[in-house]
Amino acid sequence: MYRDISAAVMGSINMDIILKADRLPEVGENVLGSDYSYAFGGKGANQATGLVRLGARTKMIGKVGNDANGIRLTENLKNNNIDISGVATDGTSTGLAAILIDKDGRNRIIVYEGANTEIVPDDAKKYISDELDVLLVQFETNEEAVVSCVNEAIRKGIVTVVDCGPAKNFCLEKMQGVTIITPNENETESLTGIFPADEKSILTASRMLFERSKARYVVLKLGERGSSVYDGERLEIFPSYPARVLDTTAAGDSFTAALALEYVKSGDIRAAAVMGNKAGAIAVSRVGADASMPTAEELINYTTK
Ligand code: RIB
């Protein structure tokens, strides 16, 4: 489907520990869990897996610690046919995420960023090569590395897709002219002070993001409401697809990967948002992070349903 596309992700690589319980604990409370597992995660690595499953040639740029988790995560990326030449190793610990999931599939995540924040901007930038069609970044590494890689990609005319997770007030002004900026609801609120609750607030927040980043498109991920696209003139909302929600972890990552590839392939941001919604619907119906990324075949079949 997207086989001719060459993509890179500069982002985080984490070991996820997933704990399930009927409900999530209140402050100071101890609840009994029903299950736990370890999974390969990190927003960057999840998006790289999402891209490769959809058929793109994918390179990962990031950093893991010199420890057992770092080795396992790098092996997993390699086994997923991701080019790991841009993954460096550091003396600090590999990133770790503790993910709590309730019976309705809702989660709360605490991330220890570890080696992800030790990425050296000039080292990472070297992997933004001319043959790339698209670069994806998130905010789970350090700001300087994100800014440096995105600006290098813009300079080289590569499509840039900025996923704004996790929520933080990142200085968007430092990377003017990105192609697509795509925060979820909480990330939108962190960046603009506005929660995109209805059409009016979606438009106001999108306009602010558009101005701050000088992006070509602002695409908000609106959870069960779908996604919105703002191009500087018009706002459109694309409803989500029905799904049996088991775990929302990495739904945003699968959305971003599908959005990016469909945009590169067709140049149609609306078709890209629809594809992102489909990928998100598939991802929430599965447990785990990289394990929930759909394949190209699944996405095609989903469109025919
Ligand atoms: O987006 C989901 C990811 O966020 C998880 O895999 C976890 O590692 C956190 O980074």
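Numbering of ligands and ligand atoms starts at 1, following listing order.
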Flag yes if more than 12 heavy atoms outside E173 fall under 6.0 Å of its CD atom; otherwise flag no. yes

Honestly, for N46 the part within reach of ligand 1 (heavy atoms, under 4.0 Å) is side chain

Hey, are R270 and E236 close enough for a salt bridge, meaning a charged N less than 4.0 Å from a carboxylate O?
yes

Numbered in order shown, the ligand 1 atoms found under 4.0 Å of a heavy atom of D16 are 5 (C), 6 (O), 7 (C), 8 (O)

(Q) Over 60° means perpendicular and under 30° means parallel, so tell me whether Y302 and Y241 are parallel, tilted or perpendicular. (A) perpendicular

message = Within the supplied structure, the quantity of interest is the number of heavy atoms (other residues, nucleotides, ligands) at a distance under 6.0 Å from K103 NZ; does it exceed 12?
response = no

So the atoms of ligand 1 within less than 4.0 Å of a heavy atom of G42 turn out to be 5 (C), 6 (O), 7 (C), 8 (O), 10 (O)

- Spell out, as yes or no, whether a donor-acceptor pair under 3.5 Å connects the side chain of E29 to the backbone of E26. yes

Residue, atom and distance of the protein heavy atom nearest atom 4 (O) of ligand 1 read K43 NZ, 3.3 Å

Practice problem: Check whether any N or O atom of I109, backbone or side chain, sits under 3.5 Å from an N or O atom of ligand 1, and answer yes or no. | Solution: no

| message | Looking at ligand 1, is there an atom of it that comes within less than 4.0 Å of some heavy atom belonging to S12? | response | no

Quick check: does T249 get an N/O under 3.5 Å from an N/O on ligand 1?
no

For A289, the atoms of ligand 1 under 4.0 Å from one of its heavy atoms are 6 (O)

Worksheet item: Are any side-chain N or O atoms of R106 and backbone N or O atoms of L24, one a donor and one an acceptor, separated by less than 3.5 Å?
Response: no

Numbered in order shown, the ligand 1 atoms found under 4.0 Å of a heavy atom of G41 are 6 (O), 8 (O)

Here the atoms of ligand 1 under 4.0 Å from any heavy atom belonging to D253 are 1 (O), 2 (C)

A student checking ligand 1 against E140 at a 4.0 Å heavy-atom cut-off should list atoms 9 (C), 10 (O)

For A97, the ligand 1 atoms with a heavy-atom partner under 4.0 Å come out as 7 (C), 8 (O)

### Task
For R72, look at atom CZ and say whether over 12 heavy atoms of other residues, nucleotides or ligands are found less than 6.0 Å away.
no

Q) Considering only heavy atoms from C-beta outward, does the side chain of F170 approach that of M175 to under 4.5 Å? A) yes

